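First up is the structure itself, then whatever we jot down about it.
Atoms considered below: every heavy atom in the structure, side chains included; atoms not considered: hydrogens, waters and symmetry mates. Each chain gets a letter, A, B and so on, in the order the sequences are listed, and its residues count up from 1. In this text the structure is predicted, and so the values were computed from the model without any measurement.
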There are 2 protein chains.
Amino acid sequence: MPKTPPGQTRNRVFRFVRDRLLRGDSPSLREVQQHFGFRAVETVRAHLTALVEEGRLVKEPGRARGYRLPKRQPKRLSAPVPDWSSGRLQPVPLLGEVAAGGFEEAIENPEGNLPVEIPDSRDLSDYFALRVRGESMSGAGILPGDTVIVERRGKPVSGQIVVALLEEDATVKRLHLGQHGMELRPENPDFDTLRPPPGSCRILGRVVELRRQIR
Amino acid sequence: MPKTPPGQTRNRVFRFVRDRLLRGDSPSLREVQQHFGFRAVETVRAHLTALVEEGRLVKEPGRARGYRLPKRQPKRLSAPVPDWSSGRLQPVPLLGEVAAGGFEEAIENPEGNLPVEIPDSRDLSDYFALRVRGESMSGAGILPGDTVIVERRGKPVSGQIVVALLEEDATVKRLHLGQHGMELRPENPDFDTLRPPPGSCRILGRVVELRRQIR
DNA sequence: TGGCATACCAGACAAATGTCTGTTATGCTG
DNA sequence: CAGCATAACAGACATTTGTCTGGTATGCCA
């Protein structure tokens, strides 16, 4: 390995390690060494130690494959940008289209997981994902086949888009709370507002993110 | 440790390891041992080996902390499941709302990155993300403030939703190619179809995924 | 009763992985 | 130029982690 300009190799090492960490797989020093063709492990360790000092990585001491991404990325400045990449990246279970009975069972046995960034203050178990069926929320830009990420927690708040478990399965609707009790309003004139009798409906959580794969 | 009924401890071990793996942190045998208070590492290894044989875990041989979750959970059967979690997880640069001049510069200096799963066959540099401005695609469920993930590559195909660079900035539209040349059709009756003269428009790529953060 | 499987323990061993100490070269700067 | 920082190398060493071989106890069942 020839000597390279200052910082150049360091950045390449960082990107390599970061990408591996984003995939949930911390590399060993020797794996990094092999990838770059260094002839000494120590070269890698020097780079990683430097990256830790620069705050670009953190390390859990005394354990193999202990490098991690720092809790918070260096901050962005522009105003109302969606808050991607501020929290921890966590695999949230994708439950599919859950029917009433199968909810707890689906949690235990998800169709898969998808990487979602959640705030530090929340726990992974507060989140799950569902696939949307039906057109009832198409007016809010939520289409059949979309995947919604749901945060379950706290009291339901009027006006939020929620996932409700009623009758036989889960539906996405906008929640309204008034004197007449709970209303689940679709966002599509072809559908009717639901007014479930008290006790017949359970709010699983509120929709915090939407994802759609196209083609 | 007293002897427990068959399968009981095994399940508890599985849940512990699974939760750790879902947090992106593969435990070592001795960490599992400590957590359960076993007095022998081998006890853990026996459980984990059994779990691998049962197909509930997989193991990358010859490496520390090499236990993983199996690629796909036992299938549920419903039809068009989005293909989350099939490829590599990669940080795709988020460029913001790009104007004509600043495109290459924005690639070098993104607002941030967001974790996206891309096919093994593609390169990270084939992807970028943009924030959507304007209502012109709201009929297709693409709203202002949404983030679209764009794959740049290959020939533009008629009917796809694309990002086009024309005049002063980038817009999302549905592409149509016919005898009359290129058409960029909005999905909102309040907007007009664009027919840019040849050469005045560059297709940056096609939209492959949409993300929206709610609240 | 004698297998046989399962749960667990004990300790040695080996492989993977991180740490340390010292060395060579290159460029920058006073 | 001397002094200093950075990039990279070399090899020994320590720790973490996984593997193996054998042993005890318990329950089930033919």
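- Taking atom CZ of residue B:F38 and atom C1' of nucleotide C:dG11, one finds them 18 Å apart after rounding to whole Å.
- Residue B:R65 is in sugar-phosphate contact alone, with no base atom involved, counting any heavy-atom pair closer than 4.0 Å across all strands shown.
- In the set D:dA8, C:dA7, D:dT19, the nucleotide with an atom closest to the side chain of B:R30 is D:dT19.
- A sub-4.0 Å separation between OP1 or OP2 of D:dT6 and a side-chain N or O of A:H47 is absent.
- Whole-Å rounding puts the B:Q33 CD to D:dT19 P distance at 15 Å.
- We find that A:E111 and A:R131 are joined by a salt bridge, their nearest charged nitrogen and carboxylate oxygen being less than 4.0 Å apart.
- The aromatic rings of B:F16 and B:H35 sit parallel, their planes meeting at an angle under 30°, below the 60° perpendicular limit.
- Along DNA chain C, the nucleotide closest to B:E42 and the one closest to B:G62 are compared, and the more 5′ of them pairs with B:E42.
- Atom-to-atom, CD of B:E60 to C1' of D:dT17 comes out at 15 Å; the value is rounded to the nearest Å.
- Base engagement by B:R45 is indicated by at least one non-hydrogen atom pair under 4.0 Å involving a base atom.
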Inset, instruction - Please step through side chain to side chain contact (heavy atoms under 4.5 Å, CB included) for the pair B:L194 and B:C201, ending with a clear verdict. - result: CA-CA 11 Å; B:L194 304 176; B:C201 167; over 6 Å; no
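- Here C:dT17 presents its P atom at 10 Å from CZ of A:R20, a figure rounded to the nearest Å.
- Between A:F36 atom CZ and D:dA8 atom P the separation is 10 Å, expressed in whole Å.
- Nearer to the 5' terminus of DNA chain C, by closest-nucleotide assignment, is the contact made by B:A46 (compared with the other of B:A46 and B:A64).
- Whole-Å rounding puts the A:L29 CG to D:dG11 P distance at 18 Å.
- If you check every strand for non-hydrogen atoms under 4.0 Å, A:R63 touches sugar and phosphate atoms only.
- An OP1 or OP2 oxygen of C:dT19 is reached within less than 4.0 angstrom by a side-chain nitrogen or oxygen of A:K59.
- A close approach under 4.0 Å does occur between a side-chain nitrogen or oxygen of B:R39 and OP1 or OP2 of C:dC9.
- The residues A:E151 and A:R122 are annotated as salt-bridged, a charged nitrogen and a carboxylate oxygen being separated by less than 4.0 angstrom.
- OP1 or OP2 of D:dC9 lies within a sub-4.0 Å distance of a side-chain N or O belonging to A:T43.
- If you measure from atom CD of B:E31 to atom P of D:dT16, you get 11 Å, rounded to the nearest angstrom.
- Checked for salt-bridge contact, A:D126 and A:R152 miss the test: no charged N lies under 4.0 Å from a carboxylate O.
- Between the C1' atom of C:dT6 and the CD atom of B:E53 lies a distance of 13 Å, rounded to the nearest Å.
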